[in-house]
Amino acid sequence: MKRARRSGVEAVRRATLPGALALLSSCGDEPGGASPIAPPPAAAQEPGFVDVTEASGVRFHHENGANGQMYFPETNGSGLCCFDYDNDGDLDLYFVQGGSLEGNTGRPPPTSRLWRNDGALRFTDVTDAAGCGATLYGTGAIGGDYDGDGWRDLFVYGLGRNTLYRNRGDGTFEDVTAKAGVGDPRYAGAALWADFDRDGDLDLYVGNYVKWSLALHRTCALPPAEKSYCHPDVFEAEPDLLYRNDGDGTFTDVTFAVGVTRRDGKALGAVASDVDDDGDLDLFVANDSTPNFLYRNDGKPGELRFTDASESSSISYDRDGRTQGCMGCDFADIDGDLDYDLIVTNLAMEANALYVNDGGGRFDEQAHARGIARSSLLDFGWGTRFLDFEDDGDADLLVVNGHLHAGVAAYDASQSYAQKAKLLLNDGKGRFTAAGPDAGPFFQQAVVGRGLVAGDLDGDGDLDLALSTNGHDARIVERRGRGAGQWLRLALQGSGKNRDAIGARVDLRAGSLAQRQELRGAASFASWQELTLHFGLGNATTADPVTVRWPDGTKEEFGPLAAGRTHALVQGSGRAAQ
């Protein structure tokens, strides 16, 4: 049965805060000042999630270069980056492009594109003026402030020379790849920014996928198709990269010296999270049809040192000890025990995996018992996010889907190329059920989904969506109307060069609810997420206390904080906490 499934695949296969904080804090005299969010105007609009791509002005068509040769990279498409590049307090979008894998086609190559948010869910393409139109065959992009100057920079990765754009702060970017030393040309499938050594700046992890070039191209076949995409087993894995930020605009490759030594992974997802609650960020890597990795961070402050805890954490395989075709991933506390559980999306007929944390960094795969496996068995999962879409104080789950092969329906009646996204609602105890029709018309719309970001794109306090696709148009999805639950949002500003406070942990109490979230940009598939934390409060109208454990390990309390607002929390302005 496993072999049959694999044969089928072969046939297919911060808001940094200077500008944002100025806007937020102007509404309050005290640290943690808040901005009230005006309720959206009443209108006879369809509730739930609604596709507003046409009205948004976003016109981005992903080109995978498919020309019948079945080149392996054509199948994966690309992700996107959601970040405030111009510090005006709203979220801009960067969509990552593919192109021709055969090189010169006689016309200019397509480029990745930056879309500036002009408010009210309207976007303008500013790529050419900004100077960040990357031309590599892209997988994804991440938007962290690596040099600590208050402006978010952009790292674009994929097949070809990875590219680092430094944000000049005047609306333009400078290609500093050569100076920084991060232009590795191998096929990268995942990347993230994180301060692994707690020295105050952001280090860079790049998860590589497989060895592939035109010279290494292979064709595979599955009757009745004479030619099909090969399974990733056909190609050799590429080792990953970990770059230490040297604090002067350059990076040093320290991968093997610090214990990131596995060579058998084919990375398509990565998240940095403190899974064992010891105060530093560990590294999880979702690999395609090879064991997943968990590197436990054992370094002291100022030191990079990892231990391979992949097998001991029980996170490498499914319940039957098999590898899976893993793509997207995300962490959240799904069951209210204040540790981080993990979702990993997989290919069709494998079902998405849910690893529940026992509190010490060991996991138990419980997708069947928690209501996730059955709903995802026929889906080909990619981008995914745990977020409280109901504002009731627990983490719901969103997954976007799409197959690898445009012609899959011809040989597998259970499959289609475009597939519907799924929204699963949490019952508060970590069990999930599919949302009903009131989730909105978007969930009745089939797309060839790949990357997914969720954030407040229109500034009304709820979570909107942006999706990238493979070989199709990007989608912008507005959340209209909301549930009865209260909410608040937290924009953190850290000290030192890590101004977005990536890696900070927030504990929040609101009424009877106790919640914990972690600030991390990388999640989903090949995508960088909004850095403002969104909390549903249920019936509570205030949160008190709100305790932040900053990336350097210091703790502060804030509160009471009123619901219905975005609060700016600045390191050093709260009450000292133990």
Side-chain angles (χ1 to χ4, degrees), residues 14-15 37 48-53 56 58 79-84 90-95 115 117 121 123 140-143 192 269 271 327-334 343 345 352 381-401 420-426 432 435 439-440 442-443 445 447 449-469 474-483 485 487-491 515 517-536 566:
R14 136 165 68 160
I37 303 294
F49 289 90
V50 179
D51 189 326
V52 295
T53 308
S56 76
V58 171
L80 67 155
C81 178
C82 178
F83 70 141
D84 182 5
D90 54 28
L91 295 169
D92 311 298
L93 297 170
Y94 187 86
F95 288 94
W115 294 82
N117 191 333
L121 273 175
F123 294 82
I142 55 176
L192 57 80
V271 183
M327 273 75 73
C329 51
D330 196 15
F331 279 100
D333 173 19
I334 66 164
I343 183 71
T345 59
N352 297 332
W382 293 87
T384 185
R385 285 306 316 274
F386 278 126
L387 285 166
D388 188 354
F389 292 103
E390 295 184 290
D391 291 332
D392 58 355
D394 53 41
D396 307 307
L397 177 63
L398 178 60
V399 182
V400 296
N401 305 297
K420 295 176 182 179
K422 295 284 181 67
L423 176 61
L424 302 178
L425 303 180
N426 192 329
F432 295 84
F442 167 70
F443 292 101
Q445 177 179 329
V447 296
R450 293 297 186 263
L452 165 70
V453 299
D456 186 7
L457 298 177
D458 53 4
D460 65 355
D462 60 23
L463 296 168
D464 311 297
L465 311 174
L467 285 72
S468 60
T469 67
R475 303 298 178 92
I476 307 299
V477 180
E478 180 185 9
R479 173 72 184 272
R480 294 179 178 170
R482 62 189 319 141
W487 57 274
L488 63 74
R489 292 164 55 79
L490 302 178
Q515 298 183 58
Q517 290 191 36
E518 196 173 47
L519 188 57
R520 51 180 107 87
S524 186
F525 164 74
S527 300
W528 185 258
Q529 307 293 322
E530 175 190 30
L531 294 177
T532 300
L533 296 176
H534 182 101
F535 287 85
T566 296

Measure the spacing between [atom1] of [X] and [atom2] of [Y] and express it to the nearest 0.5 Å.
X      : Y      : atom1 : atom2 : answer
Trp382 : Ser468 : CH2   : OG    : 10.0 Å
Ser56  : Arg475 : OG    : CZ    : 11.0 Å
Asp456 : Thr566 : CG    : OG1   : 7.0 Å
Cys81  : Trp528 : SG    : CH2   : 7.5 Å
Cys82  : Phe95  : SG    : CZ    : 9.0 Å
Asn426 : Phe432 : CG    : CZ    : 4.0 Å

Subject >> SB check Glu530 Arg489 (cutoff 4.0 Å) >> reply: yes

Original post:
Thinking salt bridges, do Asp464 and Arg479 make one under a 4.0 Å N-O criterion?
Top reply: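 Between Arg479 and Asp464 there is no salt bridge, as every charged N stays at least 4.0 Å from the carboxylate O atoms.
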
Measuring only between side-chain heavy atoms, which start at C-beta, is [X] closer than 4.5 Å to [Y]?
X      : Y      : answer
Val477 : Val52  : no
Asp396 : Leu387 : no
Ile334 : Asp394 : no
Val400 : Arg450 : no
Leu425 : Leu423 : yes
Phe389 : Leu463 : yes
Leu398 : Leu452 : yes
Val453 : Leu80  : yes

Work out which heavy atom in [X] is nearest to a heavy atom in [Y]; give both atom names and the distance.
X      : Y      : value
Asn401 : Lys420 : ND2-O, 2.8 Å
Thr469 : Ala474 : OG1-N, 4.3 Å
Ser527 : Gly451 : OG-CA, 3.6 Å
Phe442 : Ala421 : CE2-CB, 3.9 Å

Is it the case that the side chain of [X] and the backbone of [Y] share a donor-acceptor pair, with hydrogens and angles ignored and the cut-off at 3.5 Å?
X      : Y      : value
Ser524 : Thr384 : yes
Asn117 : Leu91  : yes
Glu478 : Phe49  : no
Gln515 : Gly536 : yes
Asp388 : Gly393 : yes
Thr532 : Ala491 : no

**OP:** Could you check Leu490 against Phe535 for side-chain contact (heavy atoms from CB on, under 4.5 Å), going step by step and ending with a plain yes or no?
**Re:** CA-CA 8 Å; Leu490 302 178; Phe535 287 85; 3.7 Å; yes

**OP:** Can you sort out the partners of Asp458 under salt bridge (charged side-chain N to carboxylate O under 4.0 Å, His left out), two or more places apart, ordered by chain and number?
**Re:**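 For Asp458, no residue satisfies salt bridge (charged side-chain N to carboxylate O under 4.0 Å, His left out) once neighbours in sequence are set aside.
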
**OP:** Determine, step by step, whether Asp92 and Trp115 satisfy the side-chain contact (heavy atoms from CB on, under 4.5 Å) criterion, reporting the C-alpha distance in whole Å, the side-chain angles of both residues, the deciding distance to 0.1 Å, and the verdict.
**Re:** CA-CA 6 Å; Asp92 311 298; Trp115 294 82; over 6 Å; no

Subject >> Distance-only side-chain donor-acceptor flag, Asp391 / His534, under 3.5 Å >> reply: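 Indeed, the side chains of Asp391 and His534 share at least one donor-acceptor pair under 3.5 Å.
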
**OP:** Tell me yes or no: between the side chains of Asp51 and Gln445, is some donor less than 3.5 Å from an acceptor?
**Re:**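 Looking only at side-chain atoms, Gln445 and Asp51 do form a donor-acceptor pair, the distance falling under 3.5 Å.
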
**OP:** Among residues two or more places apart or on two chains, list those pairs meeting salt bridge (charged side-chain N to carboxylate O under 4.0 Å, His left out) that have a residue in residues 518-527.
**Re:**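 Sorted pair list: Asp330-Arg520, Glu518-Arg520.
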
Original post:
For the residue pair Phe331 and Phe386, is the inter-centroid distance of their aromatic rings smaller than 6.0 Å?
Top reply: no

